[in-house]
Amino acid sequence: MSEPVNRARRALNETPADWIVGGVADVLATAYGITDAELYQVDYRLSQLLPLTEGDPITGPGHPAWRSFDHQSPLLADDTGWFPVSMRGERRGVLRLSPVPNDPAVLSELDEIATALAHELAAVSAGTDVYHAARRSQRLTLAAEMQWDLLPGRSRIRPSFSLAGQLEPAYAVRGDSFDWSDDGERLWLSTVNGTGEGVAASLLTSLATQALRNARRAGLDLADQAALADQAIYDLYRGQQHISALLMELDLRSGVMTVVDAGSPRLVLLRDGEVTPQPLEAQFPLGMFEATDYHEQKFALERGDRVFVVSDGVLEATGQDARYGETALDRFLRRTGPMEPLDAVRSLIGDLRAFVAGDLVDDAVVVCLDWTGPQT
């Protein structure tokens with residue numbers, strides 16, 4: 001590791017949380033003669049790159065910033081460099097630097113510094129609102145604020161899988177959500193199709209998510225995780241409120257998927273270019289009845305399989321026109337084959353917004369999982 005990269009890392013660690021971009025910019029000026037540095041974060045809707053301090057949002061897909069973000073690689077346009085700010089598959093945005101020489105060694109070092117910046121942003125964001133506030137193009141509703149803070153991230157990459165999810169309408173989502181965790185041997189993924197309005201919907205989803213996390217962290221199997229969350233919701237709402245969820249556990253050594261369908265969102269398998277809804281055993285939503293017994297089912301993924309989970313809001317986006325859910329949606333899913341999961345999710349949501357000419361009326365959640373092969 002070069003001395004400038006080491007100095008940049010020290011600056012990121014030692015600079016106050018609200019000033020880490022400025023702190024690393026000072027190092028870049030001394031080491032590389034860079035006089036302009038700006039962080040652009042992707043917004044909640046995945047449709048704009050928003051500057052941290054000043055400047056206009058970047059919306060055009062052909063812009064060098066978006067090309068760097070989409071391809072996850074440094075891009076030099078004239079003497080301005082764009083570098084992806086990402087860590088462990090979580091794309092936070094891009095770093096704009098100028099002037100940057102057309103020198104592969106320098107570009108590699110700056111790319112490494114941008115990755116270090118992403119790790120530091122993840123570390124400090126819980127303690128400052130600077131970065132949260134700068135990545136929104138409009139005000140979030142209170143319910144949406146609660147939902148976004150509940151998420152584990154929007155994308156994740158390991159050698160055996162790639163994963164991404166998105167909520168819509170991004171700035172006013174109420175009850176739909178997702179959660180995931182992995183320990184190197186298993187990946188757990190839950191998708192919640194929320195019910196209700198406003199903060200009440202977010203509170204119900206939060207209770208379900210935290211109950212599932214509590215059961216998962218206690219080492220319970222998937223059926224018992226569902227049972228614990230079911231009981232927690234029933235104890236509070238006595239059957240007056242309930243929530244649909246799909247619980248999944250992927251064995252990273254074998255590719256075997258274990259599923260509990262608790263009135264779940266739809267699960268679709270994309271294999272060899274063909275879209276097939278995965279048949280699941282429909283069981284009661286969480287919290288509908290006291291002491292419900294849940295049952296697991298299993299199916300095997302093959303290397304290269306893609307799994308989509310979509311909530312009712314996706315299928316109902318066109319109101320009474322069910323043809324979209326049955327035909328156009330399937331065609332679009334087939335077209336996502338070459339895309340990374342985050343790009344596939346973003347494109348699907350964009351397609352839905354274009355179809356309805358605006359924000360979705362009902363909440364929608366989309367999760368995309370690629371199984372790339374056994375964990376080694």
Side-chain angles (χ1 to χ4, degrees), residues 89-90 151-168 176-183 185-193 212 216 222 225-226 244-283 296-315 325-326 328-349 351-352 364-375:
E90 178 71 11
L151 297 185
R154 260 196 301 214
S155 52
R156 181 87 167 93
I157 294 176
R158 282 192 71 114
S160 54
F161 70 84
S162 297
L163 178 64
Q166 175 66 3
L167 307 179
E168 277 293 318
D176 284 14
S177 189
F178 57 84
D179 191 33
W180 60 59
S181 178
D182 69 87
D183 65 359
E185 296 183 354
R186 291 165 296 177
L187 165 68
W188 294 272
L189 170 62
S190 61
T191 307
V192 171
N193 191 18
L212 289 170
R216 183 184 75 220
L222 212 59
Q225 291 176 31
S244 298
L246 179 64
L247 312 185
M248 305 163 66
E249 180 184 307
L250 177 62
D251 188 316
L252 300 180
R253 297 161 297 186
S254 67
V256 171
M257 181 76 81
T258 304
V259 178
V260 172
D261 175 357
S264 74
R266 187 181 187 186
L267 190 152
V268 180
L269 178 65
L270 180 60
R271 175 179 291 170
D272 298 327
E274 293 299 320
V275 176
T276 307
Q278 184 68 30
L280 300 175
E281 178 189 352
Q283 301 176 67
E296 301 174 355
Q297 63 185 108
K298 299 179 185 290
F299 61 91
L301 295 181
E302 297 178 5
R303 188 188 299 269
D305 279 356
R306 168 165 287 179
V307 173
F308 276 99
V309 183
V310 295
S311 68
D312 290 347
V314 174
L315 301 177
E326 298 302 324
L329 177 59
D330 288 354
R331 287 199 304 271
F332 176 79
L333 294 179
R334 283 194 294 271
R335 292 200 303 269
T336 68
M339 301 179 188
E340 295 294 326
L342 184 64
D343 300 322
V345 166
R346 186 177 65 182
S347 296
L348 174 56
I349 293 294
D351 190 56
L352 285 170
V365 61
V366 179
V367 174
C368 178
L369 167 65
D370 283 356
W371 168 245
T372 52
Q375 178 79 52

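Heavy-atom basis, side chains included; hydrogens, waters and symmetry copies ignored. Nothing fancy with the numbering, it's 1 onward along the sequence. All of these numbers come straight from a predicted model, not from anything done at the bench.
- When every heavy atom of Ser177 is checked against every heavy atom of Leu151, the shortest pair comes out as OG-CD2, 3.4 Å.
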request  = Under the side chain to side chain contact (heavy atoms under 4.5 Å, CB included) rule, what do Asp179 and Arg216 come out as? Steps first, then yes or no, please.
outcome  = CA-CA 11 Å; Asp179 191 33; Arg216 183 184 75 220; 3.2 Å; yes
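- Glu168 contributes atom CD, which lies 10.5 Å from atom OG of Ser311 (distance to the nearest 0.5 angstrom).
- To the nearest 0.5 angstrom, Leu269 atom CG is 11.0 Å from Leu333 atom CG.
- Looking at Val365 and Val192, their side chains never come closer than 4.5 Å, going by heavy atoms from C-beta outward.
- Leu187 CG to Phe161 CZ: the interatomic distance, rounded to the nearest 0.5 Å, is 4.5 Å.
- With respect to Val366, the side chain to side chain contact (heavy atoms under 4.5 Å, CB included) criterion is satisfied by exactly one of Leu167, Val345, Val309: Val345.
- For Ala300 against Arg271, the heavy-atom pair with the smallest separation is O-NH2, 3.4 Å.
- Side-chain atoms of Leu252 and Glu185, non-hydrogen and from C-beta on, never get closer than 4.5 Å to each other.
- With hydrogens and angles ignored, the 3.5 Å screen pairs no side-chain donor or acceptor of Ser347 with any backbone N or O of Ala344.
- In this structure the side chain of Val259 reaches within 4.5 angstrom of the side chain of Phe299, judged on heavy atoms.
- Rounding to the nearest 0.5 angstrom, the gap separating the OG atom in Ser244 from the CG atom in Asp176 is 9.5 Å.
- No donor-acceptor distance shorter than 3.5 angstrom exists from the side chain of Thr191 to the backbone of Leu246, with no hydrogens or angles considered.
- Applying the salt bridge (charged side-chain N to carboxylate O under 4.0 Å, His left out) test to Arg186 and every residue at least two apart in sequence or in another chain returns Asp183.
- Contact annotation: the side chain of Pro374 approaches that of Arg303 to within less than 4.5 Å [non-hydrogen atoms, C-beta and beyond].
- A donor-acceptor pair under 3.5 Å links the side-chain atoms of Glu296 to the main chain of Leu222, judged by distance alone.
- A donor-acceptor contact shorter than 3.5 Å links the side chain of Thr372 to the backbone of Ser160.
- Interatomic distance, Arg156 CZ to Asp182 CG, rounded to the nearest 0.5 Å: 4.5 Å.
- The shortest side-chain heavy-atom distance between Phe308 and Thr336 falls under the 4.5 Å cut-off.
- Contacts classified as salt bridge (charged side-chain N to carboxylate O under 4.0 Å, His left out) and involving residues 364-374 (residues at least two apart or in different chains) are given here: Arg306-Asp370.
- Formation of a donor-acceptor pair under 3.5 Å by the Glu281 side chain with backbone atoms of Gln297 is not found in this model.
- The closest donor-acceptor contact from the side chain of Gln278 to the backbone of Val268 lies at 3.5 Å or more, if one exists at all.
- The minimum heavy-atom distance linking Leu342 with Arg154 is given by the pair CD1-O, 4.1 Å.
- At a threshold of 4.5 Å between non-hydrogen side-chain atoms, the residues Trp188 and Gln225 count as touching.
- Across Ala164 and Pro341, no two heavy atoms sit closer than the pair CB-C, 3.6 Å.
- The CE atom of Met257 sits 10.5 Å away from atom CG of Asp251, with the distance rounded to the nearest 0.5 Å.
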